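These numbers come from a predicted model, not from an experiment.
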Amino acid sequence: MENTTHNTQQKMGFLARMRQELKKRKRRIMRLIELKRLQRIRKKTVPAYTYCKNCGTKLEGMYCHCCGQYALDIYQPFWKYFK
């Protein structure tokens, strides 16, 4: 009788360890997904050039403060417009 109790405790310990490992793996994957998402957002929000293509003024943000030209790269992917 002691053997069956010991075996079930071992199995429960194994299952508990497996659950913990799966939780760790899921947490790690979710962090990687969030990191990739943030990298995509940062890539899109950082101006690709430092001077306005329209008037030549030094850019301070996402738009030119003189003419209002959008400061992202003019070469956008074609699939972006089909979303």
Side-chain angles (χ1 to χ4, degrees):
M1 193 142 218
E2 288 179 20
N3 280 344
T4 57
T5 310
H6 183 66
N7 287 341
T8 42
Q9 287 176 351
Q10 276 185 330
K11 287 180 184 177
M12 291 303 288
F14 175 74
L15 291 175
R17 282 194 309 268
M18 289 302 293
R19 278 191 211 108
Q20 285 178 345
E21 289 297 320
L22 287 173
K23 284 182 183 179
K24 285 181 185 177
R25 183 182 298 170
K26 182 180 177 183
R27 198 175 318 130
R28 188 170 53 240
I29 290 171
M30 294 304 288
R31 285 180 184 165
L32 284 173
I33 289 171
E34 182 67 14
L35 174 68
K36 294 296 181 183
R37 186 184 73 81
L38 288 173
Q39 286 175 343
R40 279 194 311 270
I41 289 171
R42 288 182 188 133
K43 182 179 173 184
K44 290 179 182 179
T45 57
V46 175
Y49 43 88
T50 56
Y51 290 92
C52 178
K53 295 283 185 179
N54 203 20
C55 65
T57 309
K58 185 166 176 62
L59 293 173
E60 303 271 332
M62 293 305 298
Y63 294 93
C64 176
H65 66 278
C66 286
C67 65
Q69 175 71 31
Y70 192 52
L72 279 180
D73 192 10
I74 56 173
Y75 302 108
Q76 296 291 325
F78 186 69
W79 60 267
K80 176 183 175 183
Y81 300 102
F82 286 108
K83 282 189 174 180

* **Shortest non-hydrogen contact from His65 toward Lys58** =>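 His65 and Lys58 have their closest heavy atoms at CE1-O, 3.7 Å.
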Which heavy-atom pair separates Leu59 from Cys52 by the least distance, and what is that distance?
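Heavy-atom minimum between the residues: CG-N, 3.8 Å.
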* Is Ile33 isolated, or which residues cluster with it under the ILVMFWY side-chain rule of less than 4.5 Å, directly or via members? ->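 When side chains under 4.5 Å apart are linked, the cluster holding Ile33 also contains Ile29, Met30.
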### Counterpart residues, side chain to side chain contact (heavy atoms under 4.5 Å, CB included), relative to Cys66 (two or more places apart)
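Here the qualifying residues are Cys55, Thr57, Cys64.
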Partners meeting side chain to side chain donor-acceptor pair (under 3.5 Å) with Arg37 (sequence neighbours left out) |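 If we apply the side chain to side chain donor-acceptor pair (under 3.5 Å) test to Arg37, skipping adjacent residues, the hits are Glu34.
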Evaluation steps, side chain to side chain contact (heavy atoms under 4.5 Å, CB included), between Arg25 and Arg28
CA-CA 5 Å; Arg25 183 182 298 170; Arg28 188 170 53 240; 4.0 Å; yes
CD/Gln20 to CG/Leu15 distance, rounded to the nearest 0.5 angstrom?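 Answer rounded to 0.5 Å: 11.5 Å.
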- Task: Please tell me if the side chains of Arg31 and Leu35 come closer than 4.5 Å, counting only heavy atoms from C-beta onward.
- Result: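 A side-chain contact under 4.5 Å is absent here.
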